[in-house]
Amino acid sequence: MQTSEITDPYKWIISQTVERVKETLSELGYEVDLNTLLELVEEPSVEAYGDFSLPLFKIAKKYKVNPIKLASNIVENLSSKMPAYLIDVKNVSGYVNFYINYPEATKLLFNVVRNLGEKYGYVPVDKPKRIVIEHTSANPVHPLHIGHGRNSVIGDTLARLLRKRGHIVQTRFYVNDLGRQVAVLLYGYINAGRPKPPENIKPDKWLGQLYAVTNTLIEIYELKREAEKTKEADEERYRELVARLDTLLAVASELRSVNPELFDILAENLKSKDNEAEIQELMKKLEYREDPKLEEDLRRVVELCLKGIRETLRVLDIDFDKWDYESDLTWSSHVKKILEIAFNSPYFTYYKNAPAIDLTKLANKDLYRKLGIRLSMEIPPLILQRSDGTTLYTTRDLAYTLVKFNDFKADMVINVIGAEQKLPQAQLKLALYALGFKREAVNLVHYSYEMVNIPGMKMSSRLGRMITLDEIIELMLEKARREVEKRTTLTTPEEREEVVKAIAIGAIRYTLISTSATKPVVFDMDQALSFETNAAPYIQYTHARANNILRKHREKYGEINWETIDYKAVEENRKRKQLVKLALKYPSTIAKAADDLKPEILVEYVNKLADTFNSWYQEDPVIHELNPGKRNLKAAITYTIKIILANTLETLGIKAPPRM
RNA sequence: GGGCCCGUAGCCUAGCCAGGAUAAGGCGCCGGCCUUCGGAGCCGGAGAUCCCGGGUUCAAAUCCCGGCGGGCCCGCCA
């Protein structure tokens, strides 16, 4: 392989080395697979133990030999003819420790970086996959809140990351417009006399209020009726109901103060109706397309809400390739077809008197492992239809999953959905498998994430108690604006505002993506708003500084002269070596983050890189370096780091302003 | 009652899947650095029974079993 073909220099160095180890082992009579060896390679915990190392315990055990003896054999062989990118090999208590020849490795790094330029870090897989990512998919009944924010940021970042890995990605938003929640909103909208949305309020916010008022009133009237009935019969139950009623009345009074006219009309109109029955009727009419006027209302309300949601997402730099409507899906033949297959399936059954798919027969270790489901999970049958014949969300999701696979000819479908939906997502997979869609079942990924909590706040969008994502964005912008005014070197208001946006949005995205999805996030505003290290503005600032150094270098000395770089000088300073090593590892870091679907790996990496770079240029100045060979080395390091910072931020969906 | 996820310094987080050499960062705290490329920065310091108890192993934060604590799920909602 020519160096011009190398995209991942660190992997290249390691595999060159490991191949020699394999040969040595082979000469000693131990045949070990190359990949096995590569997997064993690890990063020593202490710098003194070298740049990378190979623990020999497993191999030694397999062949019943002393690991220290084995290590010494390997070291002897490699030392006699040192591989090009190594300077030393040592045998320490069963490990072989490898020391990189930094001048050579730096030369390799710069060759790759010069060759790929802005594309450094882009390591396409051999066989790109077609991947659909469905994310956000919020019910179009209220504005997005911080939990949706986590979903959107995860989905969008995964899309960017997988594209960087060469996959062909399509993002989709599933508009859940036939669920109960939209029906409630629609019911409220109609009973409020189809009011025109006010001009001075974002449409999703206004609809959120309408939704919350409707919901709260329905619950209040329901509770009142129930309380009336139990008053004499069951005193304990009665008291419980009254207590719940009290809380709801408090919520109602909050809601009324926000929008009194709307509240009063609905309070009057819902008072003496059987609201539950009417909503059920409404859902039925929608699913069976019995009322064109109703469909018109539905579309109007949903579009209005989506308009607001889209606006929020655009601010976060998130867009979608496709918007899918649950109603379109249901009204087309897709759902009907899947029902037909289900009714004729050997897994078909009745559960709680409703048509269902029996999934218990599929509970076996091998299948569950293949589908990524825990065997200890008890999975009840999947109910397909309500007694009135209307379908349920998961039934329609069954059809939708097939649409996602077929429409895009996808090899894999990733659903970014909260952890609270693990059970229905497992049912979905198993049902697909049961109905014969085995490939789809295996390649359907539920990317599950935990909740986002705001300290001191119990959120409920049903009751209209929540901080919206818009409000959080607004707060972040204000704070960013104050900080920028304090520190910026930029002069025009336009430039400043652009940086304000970059910082505020970056800080939100960074906070939401930096914690592993399996952990709940506490969205502490003050912490997210802090511009300290380990936050997006810190990375952006580091990038701007690197950019600044390069600009000054160019003004004073012209372009970097790669031919005159003094590679030996990389060894003069420990941090130069650390930076070279980190830069070498960038492509494999991107690859791992993408392959493991773990963007937080990239966050961890870029932080380390920024830290190291900041401390380096402080002790080892670039522009003031008098020796041209060394100066070009330093400028080339700076250039490399700048490219990596910019690429990483781009992958995380965070803007990297050249100046701040 | 059953299931899923989480538990790492005062606080937040990485490492756990594929066990390995002195547990890695950040916030906060204490002390230092503004005449050198932008102080949104840098240097130094204190701070950890890796929730607890067993087990497997030459070796456990990591794997297995049993507890404890927190969140979530167990609907003809999504």
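So that the names make sense, note that chain A is the first sequence line, chain B the second, and so on, each numbered from 1.
Across all strands shown, A:Ile503 has heavy atoms under 4.0 Å from base atoms, whether or not it also approaches the sugar-phosphate. As judged by a 4.0 angstrom heavy-atom cut-off over every strand, A:Gln421 is placed among the base-contacting residues.
For B:rC17, the OP1/OP2 oxygens have no side-chain nitrogen or oxygen of A:Lys598 closer than 4.0 Å. Close to B:rC77, at under 4.0 Å from its OP1 or OP2, lies a side-chain N or O of A:Arg386. Look at A:Asn614 and you won't find any side-chain N or O under 4.0 angstrom from OP1 or OP2 of B:rG41. Between B:rA14 and A:Ser516, a contact under 4.0 Å exists linking OP1 or OP2 to a side-chain N or O. Regarding contacts with the backbone of B:rC43, a side-chain N or O of A:Lys575 is found under 4.0 angstrom from either OP1 or OP2. The shortest distance between the side-chain N/O atoms of A:Tyr393 and the OP1/OP2 oxygens of B:rA78 is not below 4.0 Å.
Nucleotide B:rC17 holds its C1' atom 15 Å from the CG atom of A:Asp595, rounded to whole Å. Atom CG of A:Asn353 is separated from atom C1' of B:rC76 by 10 Å (rounded to the nearest Å). Whole-Å rounding puts the A:Tyr49 OH to B:rA23 P distance at 11 Å. Rounded to whole Å, the distance from CG on A:Leu329 to P on B:rA78 is 14 Å. For the pair A:His135 NE2 and B:rA78 P, the computed distance is 22 Å after rounding to whole Å. The nearest whole Å value for the distance from the CG atom in A:Asp611 to the P atom in B:rU13 is 19 Å. The separation between A:Lys64 atom NZ and B:rC58 atom P is 13 Å, rounded to whole Å. Between the CG atom of A:Asp388 and the P atom of B:rC77 there is a distance of 9 Å, rounded to whole Å.
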Contact list (N/O, under 3.5 angstrom) for nucleotides 2-12 of chain B vs protein:
| unit_1 | atom_1 | unit_2 | atom_2 | d |
| --- | --- | --- | --- | --- |
| B:rG2 | O2' | A:Glu378 | OE2 | 3.3 |
| B:rG3 | O3' | A:Ser376 | OG | 3.4 |
| B:rC4 | OP1 | A:Ser376 | OG | 2.1 |
| B:rC4 | O2' | A:Lys422 | NZ | 3.0 |
| B:rC5 | OP1 | A:Arg374 | NE | 3.1 |
| B:rC5 | OP1 | A:Arg374 | NH2 | 3.1 |
| B:rC5 | O2' | A:Thr518 | O | 3.0 |
| B:rG7 | OP1 | A:Lys519 | NZ | 3.2 |

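B:rC51 and B:rC17 have their P atoms separated by 15 Å, with the value rounded to a whole Å. Using atom P as the reference point in both B:rC50 and B:rC72, the two lie 29 Å apart (nearest Å). B:rG38 and B:rU8 have their C1' atoms separated by 37 Å, given to the nearest Å.
Of all non-hydrogen atoms in A:Pro355 and A:Gln385, the two that sit nearest each other are CG-OE1, 3.6 Å.
Ion pair A:Arg551/A:Glu555 flagged as a salt bridge, since at least one NZ, NE, NH1 or NH2 atom sits closer than 4.0 Å to an Asp/Glu carboxylate oxygen. A salt bridge links A:Glu483 with A:Lys486; the closest basic N to acidic carboxylate O contact falls under 4.0 Å. A:Glu625 has a carboxylate O that lies under 4.0 Å from a charged side-chain N of A:Lys634, or vice versa, which qualifies the two as a salt bridge. At a threshold of 4.0 Å, the pair A:Arg481-A:Glu485 does not count as salt-bridged, since none of the basic side-chain nitrogens sits closer than that to a carboxylate oxygen. A salt bridge links A:Glu43 with A:Lys585; the closest basic N to acidic carboxylate O contact falls under 4.0 Å.
Residue A:Tyr538 has its side chain nearest to B:rC42 when only B:rG38, B:rG19, B:rC42 are considered.
The base-pairing partner of B:rC42, taking Watson-Crick or G-U wobble contacts with both distances under 3.5 Å, is B:rG32. Of all nucleotides present, none satisfies the Watson-Crick or G-U wobble test against B:rU56 with each distance under 3.5 Å. Across all strands shown, B:rG69 forms a Watson-Crick or G-U wobble pair with B:rC6, both key distances being under 3.5 Å.
Counting heavy atoms from C-beta on, the side chains of A:Leu633 and A:Arg576 come closer than 4.5 Å. With contacts defined as side-chain heavy-atom distances shorter than 4.5 Å, the pair A:Ile59/A:Leu37 qualifies.
In terms of polar N and O atoms assigned as donor or acceptor, the side chain of A:Ser53 comes within less than 3.5 Å of the base of B:rA21 in a complementary pairing. Side-chain to base pairing of A:Asn607 with B:rG25: no donor and acceptor N or O lie closer than 3.5 Å to each other.
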